Amino acid sequence: MHVTHSQTERLLRENHTFSQLGFSMLLTRLKGLYAKDDSTEALHTATTEINLFLDKFKGIMKNDCVTITNLGKGEAL
């Protein structure tokens with residue numbers, strides 16, 4: 001699974017609960033960085049980091065991937 005820039009922006013601006021602590025920690029760090037710099041370049045960097053994490057840990061991220069996929073459908077979470 002790969003997140004889009006739109007999904008990344010929602011992940012960084014909204015609060016969601018994820019089962020994987022490592023992913024939650026990654027998002028917390030990226031939210032802090034994005035709060036200081038919300039440029040397109042910062043969003044692109046965050047999207048890349050999230051996608052690298054998801055590729056590496058896709059086996060344990062199955063439940064959380066459902067939540068992330070729903071972000072693209074415009075569903076309120």
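Count residues from 1 along the sequence. For clarity, every value in this text was computed on a predicted model and none was experimentally measured.
Remark: D37 CG is packed, more than 12 non-hydrogen atoms of other residues, nucleotides or ligands lying under 6.0 Å away.
Distance check, rounded to the nearest 0.5 Å: NE2 of H2 to NZ of K58 gives 8.0 Å. The structure places CD of E14 at 11.5 Å from CG of L27, a figure rounded to the nearest 0.5 Å. Here OG1 of T48 is found 15.5 Å from CZ of F53. Values are rounded to the nearest 0.5 Å. N15 contributes atom CG, which lies 12.0 Å from atom CZ of R10 (distance to the nearest 0.5 angstrom).
The closest donor-acceptor contact from the side chain of Q7 to the backbone of I68 lies under 3.5 Å.
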Could you give the side-chain donor-acceptor pairs of residues 18-25 under 3.5 Å, partners two or more places apart or in another chain?
from : atom 1 : to  : atom 2 : distance (Å)
S19  : OG     : D64 : OD1    : 3.3
S19  : OG     : D64 : OD2    : 3.1
Q20  : NE2    : I60 : O      : 3.2
S24  : OG     : Q20 : O      : 3.4

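At a threshold of 4.5 Å between side-chain heavy atoms, the hydrophobic network of Ile, Leu, Val, Met, Phe, Trp and Tyr places L52 and L54 in two separate groups.
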Determine whether N51 and T47 satisfy the following criterion, side-chain contact (heavy atoms from CB on, under 4.5 Å), listing intermediate values before the conclusion. CA-CA 6 Å; N51 283 326; T47 302; 3.6 Å; yes
Test side-chain contact (heavy atoms from CB on, under 4.5 Å) on T4 and T8 and set out the steps. CA-CA 6 Å; T4 64; T8 298; over 6 Å; no
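Note on residues 25-45: pairs passing ring pair (Phe, Tyr, Trp, His ring centres under 6.0 Å), not counting sequence neighbours, are H5-H44. Residue pairs meeting the salt bridge (charged side-chain N to carboxylate O under 4.0 Å, His left out) criterion with at least one partner in residues 16-31, sequence neighbours excluded, are R29-E49.
Contact between A46 and L30 at its shortest, heavy atoms only, is O-CD1, 4.0 Å.
Among the candidates V3, T45, D55, the single residue satisfying the side chain to side chain contact (heavy atoms under 4.5 Å, CB included) test with I50 is V3.
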